[in-house]
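All chains are named by letter (A, B, ...) in the order of the sequence lines, taking the proteins before the strands, and each is independently numbered beginning at 1. This is a predicted model, so every value here is computed, not measured. Scope of the values below: all heavy atoms of this structure, side chains included, with no hydrogens, waters or symmetry mates.
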Amino acid sequence: MGKIILLYLLFIQFSSFGQSTQDQEPVSEPYIVYKNGMRYAVSKPVVICDSMCYYINRFDKKVYAQPIAKIEGFSQKSDVRWMTYQEFQRIGSTPVKGYFWGIVTIYPTGLGIFIMSDITKRKHIKKLYLNTRYGNSSI
Amino acid sequence: MKTLLFILSLSISGCAFSQSDWLFKPYVVVNDTLYENVKHPVFIMDSVLYIRTAEGVVMTFPSRDVNYISKRCLYDRITPREKNRLSRSVATGSILSLAGIFGGTISIVIDLQELSYASASSFLFAVALIIPSSFVIYHFIQRKRQTKMIIESKGLRFISDDSEELVRRGGEGEKQSGERNSK
């Protein structure tokens with residue numbers, strides 16, 4: 001009898017978990033806030049170029065391009081980069097040099113981490129550019 | 001005679017200092033309106049003056065309307081070439097500069113501990129490390145502040161609350177509408 005009650009409680013737990021909305025969950029910084037109040041988790045960096053804002057959603061890893069008129073703001077740790085289209089194009093169209101093991105081997109650990117951080121961000125900017133340039137961004 | 005010359009030069013420099021605007025906190029005059037206690041950096045980019053008021057509000061003015069910028073603003077004019085540098089990452093540069101300052105300080109401290117005075121060569125070495133590194137870090141900070149001001153001038157803001165709130169996953173729920181970038 002005890003086991004049946006335990007199993008019953010377990011099913012209730014599962015069913016109540018299944019009712020919760022899967023598209024919303026608490027996520028920490030960095031995030032972007034829309035004028036309608038919605039917050040979306042993003043990967044660093046967020047790029048602002050001309051009148052558009054480009055970002056990578058941290059959950060689905062897709063690139064989004066939005067007019068800045070729709071955006072309210074960003075969290076402090078979003079690492080928002082304002083850049084000219086020429087600079088965006090330059091970063092987006094030049095190869096990102098630097099490989100993980102190469103950097104770890106050559107540079108001291110502390111410095112290597114910062115170089116890797118720069119390279120990762122550069123790769124993200126490149127992804128943003130390529131996706132928006134060739135029209136693959138989600139809008 | 002020397003004392004007289006010294007007093008004369010001192011009074012001239014004192015007079016010049018009192019006449020200049022170095023005594024006052026940074027201010028700008030735009031369209032005959034005075035904006036006092038502006039925060040650094042004050043800069044002009046694309047013929048637009050960017051200032052941050054004492055309340056933290058970013059204001060922009062066409063440079064043709066600017067009447068005066070005080071010397072303590074240390075205002076900067078950003079050229080198109082420098083504009084492209086604003087977006088560049090500063091992580092590696094910052095850590096190298098910090099290492100430079102740290103190395104220079106250590107060099108002086110070791111000299112003082114072992115010799116009880118800093119030798120000229122090690123002092124010069126330390127200065128050559130510390131001063132350029134400090135300038136580099138100052139420029140990085142200014143660059144970050146300038147970028148932040150440009151972003152805020154576009155009507156966007158930085159939210160400083162640390163509370164975890166509901167964040168919607170992208171691509172689901174509300175459809176994000178926008179114009180596809182045709183560039």
Item to check | Options Gly73(A), Ser51(A), Cys53(A), ranked by heavy-atom pairs under 4.5 Å with chain B, top entry | outcome: Gly73(A)

Starting from [Y], can I reach [X] by hopping between I/L/V/M/F/W/Y residues whose side chains sit under 4.5 Å apart?
| X | Y | value |
| --- | --- | --- |
| Val66(B) | Val29(B) | no |
| Ile95(B) | Val136(B) | no |
| Ile101(B) | Ile108(B) | no |
| Val127(B) | Ile106(B) | no |
| Met59(B) | Leu49(B) | yes |

Checklist entry - Does some side-chain heavy atom of Phe74(A) sit less than 4.5 Å from a side-chain heavy atom of Arg157(B)? => result no

Checklist entry - Ile150(B) versus Met83(A): any side-chain heavy-atom pair under 4.5 Å? => result no

With rounding to the nearest 0.5 Å, note down the distance linking [atom1] in [X] to [atom2] in [Y].
| X | Y | atom1 | atom2 | value |
| --- | --- | --- | --- | --- |
| Trp82(A) | Gln146(B) | CH2 | CD | 10.0 Å |
| Ser87(B) | Ile91(A) | OG | CD1 | 5.0 Å |
| Arg90(A) | Asn84(B) | CZ | CG | 7.5 Å |
| Arg39(A) | Ile159(B) | CZ | CD1 | 5.5 Å |

Enclosure of [X] [atom1] (heavy-atom neighbours >12, cutoff 6.0 Å):
| X | atom1 | result |
| --- | --- | --- |
| Phe158(B) | CZ | yes |
| Tyr68(B) | OH | yes |
| Tyr35(B) | OH | yes |
| Lys25(B) | NZ | no |

Let me know if [X] has heavy atoms under 4.5 Å from chain B in its side chain, its backbone, both or neither.
| X | answer |
| --- | --- |
| Val33(A) | side chain |
| Ile115(A) | both |
| Arg122(A) | neither |

[X] versus [Y], closest heavy-atom pair with distance:
| X | Y | value |
| --- | --- | --- |
| Leu156(B) | Ile71(A) | CD2-O, 3.2 Å |
| Thr147(B) | Val80(A) | CG2-O, 4.2 Å |
| Lys144(B) | Asp79(A) | NZ-OD1, 3.7 Å |

Checklist entry - Would you call Arg88(B) and Glu87(A) a salt bridge, taking side-chain N to carboxylate O under 4.0 Å as the test? => result yes

